**Q** 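My questions will all concern the structure given below.
The model shown is predicted, which means the values in this text are computed figures rather than measured ones. Residue numbers start from 1 in every chain, and the chains themselves are labelled A, B, ... in the order their sequence lines are given, proteins ahead of strands. Because only heavy atoms are used, hydrogens play no part in the values below, and waters and symmetry mates are left out as well, while side chains stay in.
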Number of protein chains: 2
Amino acid sequence: MTTIRDVAKLANVSVATVSRVINNNGYVNESTMQRVRQAIEQLNYRPNDVARSLFKGKSKMIALFVPDIMNPFFPELARAVEDISNKHGYTFILCNTDNQNDKEITYLNALLQKSIDGIILVSSTMTTSQVKDMKVPLIALDRKINPNLISVTVNNYEGARQAVQYLKKQGCKRIAHISGPENISNARERFRGYLDEVRDEEWFNSDFICVGNYAVNDAFEATKKLLQSNPEIDGIFVANDLMGVGVLKAAESLKIKIPNELSVIGFDGIELGNITSPSLTTMAQPIYNIGKRAAEILIQKIEHPNTVIKSEEHKVKLITREST
Amino acid sequence: MTTIRDVAKLANVSVATVSRVINNNGYVNESTMQRVRQAIEQLNYRPNDVARSLFKGKSKMIALFVPDIMNPFFPELARAVEDISNKHGYTFILCNTDNQNDKEITYLNALLQKSIDGIILVSSTMTTSQVKDMKVPLIALDRKINPNLISVTVNNYEGARQAVQYLKKQGCKRIAHISGPENISNARERFRGYLDEVRDEEWFNSDFICVGNYAVNDAFEATKKLLQSNPEIDGIFVANDLMGVGVLKAAESLKIKIPNELSVIGFDGIELGNITSPSLTTMAQPIYNIGKRAAEILIQKIEHPNTVIKSEEHKVKLITREST
DNA sequence: TTGTAGGCGTTATCAC
DNA sequence: GTGATAACGCCTACAA
């Protein structure tokens, strides 16, 4: 490996001068600069980032924690964060937490040892005490962790209300909800939105609510039971698209026609919903964009610790497809 | 930040001793070991990995290059690599290359500056000269780069033949192929498998072949044209599942019944194929497993540079679903 | 405008 | 068994 010393020797200057050229700060004569540049070129010298990190205490790396990259919601988020990291000269680290707090803590410690510069968390298991007093910048994405931790999310509550309103407008008279896990903030908000929209309807019945785990299979089973016990249901608001797929499959297996006999609306707007048949109407999140913003905000926090930064709540948008 | 020096001071020993305890090598008295352990505990000391990396010239980080994590084939690969990295104490870096060689080279250089320990490449654009004489271990995954670079792939050629044979067995008399990009090794092999299986059939017609780009939309358009000009086609072997979805959609839009009028078989075995209706018959790769093996081999190469390592070709497996 | 030297936190080599 | 100390490669006071 060629070091700054080799360059200095070849250019007949001190390492300090080479350093000045590399980082172009400090005074350096035009002609010596040329010499140094040439030596760098000639030796194909690249500064060692590890040494730099050691000196600066910063690594130019940021990490994203997601439950599981195999869940189709997360790749787009990851892509966005990686794009922005890359654009700003940061290296992107991906961690799958499986929603397990001990994994999160283990990753966190490992990354701190590596002088990670900042972390974006999609987490429903990190506790308030675990995130406060952290010396590295953190941002919550998709799920709020606590009110003091900056977050980038969408208007889950409003979006849920809009989804239910849309089903009503389509003529649904008995609207059910398949919710996400209660420990996930966005699932709670979507549930609350549903509830506020239906609780005063004379037809409302708490049997219309079931809890899913944001995965296809659970929703499939839940929907079968739901529709068999409550055949009067003519609309379902599903808390995410993945479960929406499960609902479509359940309806198919019960020979219930969509949208004629049952309307279904999901949440998220992942590409998958476009591929099912019938395709899935959904409240689409600006997925790429929230990932992008989280990364931008994080980098802002890293590079300008004093700027005031606020949480952001982005808007979801109705995308009507064949399931309604 | 608390350093090894702080621990040494508190335990009344030298940094050397602390280092011995941390890495448990060299002799150290049981009782002093206790003292040191306690001091570490008390100060909640964690060794600084950056300093370690600087000294060792290794970073305990490995990277995976994929074209685009948003393509549903790659998350499972990424998950596998991350799992294995993590298990062996490595940090996982993800890079999206968009199949662009300049991006690959930029990433490569950036990672070398960070003393990356090894890289797994899913690449169709890296050249032989770019990968040879690399000082860090490289492994090709999913796509071969050149015969000298260790690779973990599947038996694309044989799998393609099996796919076509299966269509024949289902009674197909005119079998078309939608291939992947010619610069991707696995696409070429799958194409060759198809060709060797059909070239001697009296019905064979080179119009039955079209080139796709491994994405849904292209295949959708290609299939429409293909089926309109050649209505006699009753079977399609599609080079990957993503394009398989495009084929299904095209058939639907042409009101062609699957599998009655047309049988479709894909390649890859991504979860998506299970969700379409009809669901997609496919030659499934052991996706997680090849990612896992690539990571294991890479780590082997990193930690035991002298062991002889060979390329691996894993087997694909027919999964019959509703499209045939 | 340039050079010297100390330090970032660890590890490993030598002495003792 | 244990302790000094010289690297690892870079950056930045401080001097000159």
**Q** Which part of the nucleic acid does B:D49 contact within heavy-atom distance under 4.0 Å: base, sugar-phosphate only, or nothing?
**A**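 If one applies the 4.0 Å heavy-atom cut-off, B:D49 turns out to touch nothing in the nucleic acid.
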**Q** Just to be sure I understand the rule, does B:S53 reach a base, reach only the sugar-phosphate, or reach nothing, if contact means heavy atoms closer than 4.0 Å?
**A**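 No contact at all - B:S53 keeps every heavy atom at 4.0 Å or more from the nucleic acid.
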**Q** Under 4.0 Å, heavy atoms only, any strand: does A:T3 hit a base, just the sugar-phosphate, or nothing?
**A**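 Contact class for A:T3: sugar-phosphate only.
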**Q** Establish, from distance only, whether the side-chain atoms of B:S185 and B:R143 form a donor-acceptor pair under 3.5 Å.
**A**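 Note: B:S185 and B:R143 side chains miss the donor-acceptor criterion.
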**Q** Are A:E296 and A:Q300 packed together at the side-chain level, in the sense that at least one heavy-atom pair is separated by less than 4.5 angstrom?
**A**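 No, side chains not in contact.
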**Q** Are B:K292 and B:D83 within salt-bridge range, i.e. N to O under 4.0 Å?
**A**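 Salt bridge: no.
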**Q** Given atom CZ of B:R5 and atom C1' of C:dG9, what is their separation to the nearest angstrom?
**A**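 About 7 Å, once rounded to whole Å.
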**Q** Heavy atoms from C-beta onward define the side chain here; which of C:dT10, D:dT2, D:dC10 lies closest to that of A:I4?
**A**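 Nucleotide nearest to A:I4's side chain: D:dC10.
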**Q** Have A:T125 and A:E104 got a donor and an acceptor in their side chains that come within less than 3.5 Å?
**A**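 The answer is yes; a qualifying pair exists.
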**Q** Does A:R20 make a side-chain donor-acceptor contact with the base of C:dG3, cut-off 3.5 Å?
**A**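 Such a pair is found, so the answer is yes.
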**Q** Using heavy atoms to find the nearest nucleotide of DNA chain D for B:F55 and A:V15 separately, return the residue whose nucleotide is more 5′.
**A**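 Taking each residue's closest nucleotide, the earlier one in sequence belongs to B:F55.
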**Q** What nucleic acid atoms does B:V13 come within less than 4.0 Å of, heavy atoms only: base, sugar-phosphate, or nothing?
**A**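 Result for B:V13 = sugar-phosphate.
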